[in-house]
Visitor: 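What follows is a structure written as C-alpha cells; I'll ask about it next.
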Amino acid sequence: KDDDEPEYPDGSWFCMLFACGVGVGLFFYGVGEPIFHYTLPNRYTSDRYMPDNAVAQNAMNQTFFHWGAHPWVTYSLLGISLAFITFRKGLPMTMKSCFYPLI
C-alpha cells in the first residue's frame with residue numbers, strides 16, 4: 001500500500017474537506033450561533049448596563065472563536081489517524097481502530 005497513488009492531489013483533497021466542514025457548519029450554525037450568544041445570558045452579557053452593540057460584538061467574537069483554527073486541529077488529527085489506519089493498516093474506519101496502535 002505504500003506504492004499506491006492518491007486519487008486526488010493534496011490541494012483538491014484539502015478543498016473538498018474544508019468545503020464540506022465549513023459549508024455544513026455555516027448553513028446550520030451561521031445565523032443561529034451569534035443569535036444564541038446575543039440573546040441568552042452568559043458570562044459576557046451578565047452586565048446589564050453593557051450597550052447592545054458591545055453585546056453583539058461579544059457574540060460575534062465568541063462565534064469567531066468557535067470557528068477558529070483550534071477546532072480544525074482536532075478535526076485534522078482525527079481525520080489523519082482514521083485515514084492512516086484505514087488505508088495503510090486495512091482496519092475498518094471506526095473510532096476504535098484509531099486506538100489500535102496503543103494496544
Side-chain angles (χ1 to χ4, degrees):
K1 296 209 177 203
D2 289 335
D3 301 342
D4 290 349
E5 291 292 324
E7 188 173 348
Y8 300 102
D10 292 341
S12 297
W13 184 249
F14 173 78
C15 288
M16 285 188 282
L17 291 177
F18 189 78
C20 288
V22 171
V24 168
L26 287 179
F27 277 122
F28 194 75
Y29 293 112
V31 176
E33 187 173 359
I35 291 174
F36 173 78
H37 294 308
Y38 179 74
T39 58
L40 294 179
N42 57 36
R43 63 182 174 176
Y44 298 111
T45 60
S46 60
D47 181 13
R48 70 175 77 138
Y49 300 110
M50 185 181 291
D52 279 345
N53 60 348
V55 174
Q57 184 62 47
N58 285 336
M60 291 304 294
N61 288 342
Q62 199 167 4
T63 301
F64 293 149
F65 176 75
H66 288 158
W67 286 94
H70 66 281
W72 286 99
V73 172
T74 307
Y75 306 151
S76 300
L77 287 175
L78 179 64
I80 288 169
S81 62
L82 277 174
F84 178 77
I85 292 296
T86 300
F87 294 107
R88 296 291 179 154
K89 302 293 184 186
L91 294 173
M93 190 177 284
T94 58
M95 290 301 295
K96 65 181 179 181
S97 297
C98 291
F99 298 107
Y100 174 76
L102 301 176
I103 297 176

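Just so it is clear, the structure is predicted and the values come from calculations on it, not from any experiment. Just so you know, these numbers use all the heavy atoms, side chains as well, and skip hydrogens, waters and symmetry mates.
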Visitor: Could you tell me whether the side chain of Ser81 and the main chain of Leu78 form a donor-acceptor pair under 3.5 Å?
Guide: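 Yes, the answer is positive, given that a donor and an acceptor are paired below the 3.5 Å cut-off.
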Visitor: Does Thr63 reach the main-chain N or O of Ala59 with its side chain, forming a donor-acceptor pair under 3.5 Å?
Guide: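 A pair under 3.5 Å: yes.
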Visitor: Check whether Met50 and Tyr38 end up in the same hydrophobic cluster, where Ile, Leu, Val, Met, Phe, Trp and Tyr are linked by side-chain heavy atoms less than 4.5 Å apart.
Guide: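 Met50 clusters together with Tyr38.
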Visitor: Between atom CG of Leu91 and atom CZ of Phe84, what is the distance when rounded to the nearest 0.5 Å?
Guide: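 Rounded to the nearest 0.5 Å, the CG-CZ separation comes to 10.0 Å.
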Visitor: Do Glu33 and Trp67 come close enough that some side-chain heavy atom pair is under 4.5 Å?
Guide: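 Of all side-chain heavy-atom pairs linking Trp67 with Glu33, at least one is under 4.5 Å.
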Visitor: Give the C-alpha distance, both sets of side-chain angles, the deciding distance and a yes or no for side chain to side chain donor-acceptor pair (under 3.5 Å) between Gln57 and Asn53.
Guide: CA-CA 6 Å; Gln57 184 62 47; Asn53 60 348; over 6 Å; no
Visitor: What's the shortest heavy-atom distance between Ile85 and Cys98, and which atoms?
Guide: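 That would be CG1-CA, 4.4 Å.
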Visitor: Please list every donor-acceptor pair under 3.5 Å in which a side-chain atom of residues 13-26 meets a protein atom from a residue at least two apart or in another chain.
Guide:
none

Visitor: Decide whether Met95 and Phe87 are clustered together by the hydrophobic rule: side chain heavy atoms of Ile, Leu, Val, Met, Phe, Trp, Tyr closer than 4.5 Å, transitively.
Guide: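 Yes, Met95 and Phe87 fall within the same hydrophobic cluster.
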Visitor: Distance check, rounded to the nearest 0.5 Å: Ile35 atom CD1 versus Leu40 atom CG?
Guide: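 Between Ile35 CD1 and Leu40 CG, I get 11.0 Å after rounding to 0.5 Å.
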Visitor: Of the non-hydrogen atoms in Thr94 and Leu82, which two are nearest, and what is the gap between them?
Guide: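 Taking Thr94 first and Leu82 second, the nearest heavy atoms are O-CD2, 3.4 Å.
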